[in-house]
Amino acid sequence: MNAPQIDVAYIAKLAKIELSPEETERFSEDLNRILGYIAQLGEWNTDGVEPMYHPLPAFDAVRADIPGCSLSNEAALSNAPAEEDGQFRVPKVVESAH
C-alpha cells in the first residue's frame, strides 16, 4: 500500500508561509516518511483489540459534587473594593454601541 503524498508547497501557500525550494523538498520528504510509518500501522492485525484513549489506566480525579458551606452575600462582599445593591461593582469594560 502506497502512502499518500503531501503537497507541501500548496499547504504553505494556504498558510501564507514562504518556503524556499530546499525547505519544501525537505518538509515533503519528512512528512511523506511520517505518513509511510502511519500507513504501516494499517497492516497490523487489531482484531479483538479494545480501543483505548491513553496507554496507561486513567482514573477520574474529580471530587464528588456534594454541596457544602458557602459564603453569605455579606461575607463575599466584605473585601470587595466596590459593591452596589448587594453585588460586586466592577469598572465598565465595554463601550456602548451608540
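Residues take their numbers from the sequence shown, with the count starting at 1.
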- Interatomic spacing from CD in Glu84 to CG in Leu77 - rounded to 0.5 Å: 11.5 Å
- Atom of Leu19, atom of Ala12 and distance for their closest heavy-atom approach: CD1-CB, 3.7 Å
- Identify the heavy atoms of Ala76 and Phe88 that sit nearest to each other, and give their distance. O-CZ, 3.6 Å
- Rounded to the nearest 0.5 angstrom, the NZ-CD distance for Lys13 and Glu18 is 12.5 Å
- Item | Ser20 backbone acceptor or donor facing Glu23 side chain under 3.5 Å | yes
- Task: Enter the distance from Arg33:CZ to Glu29:CD here, rounded to the nearest 0.5 Å.
- Result: 6.5 Å
- Query: Is the side chain of Ser72 donor-acceptor paired with the backbone N or O of Ala75 at a distance under 3.5 Å, no angle test?
  - Reply: yes
- Query: Considering all heavy atoms of both residues, which atom of Leu31 and which atom of Ile6 are nearest to each other, and what is their separation?
  - Reply: CB-CD1, 3.7 Å
- Item | Cluster check Val8, Ile17: I/L/V/M/F/W/Y, side chain < 4.5 angstrom | yes
- Note on the structure: Smallest heavy-atom separation, Asp47 atom then Asn45 atom, equals N-OD1, 3.0 Å
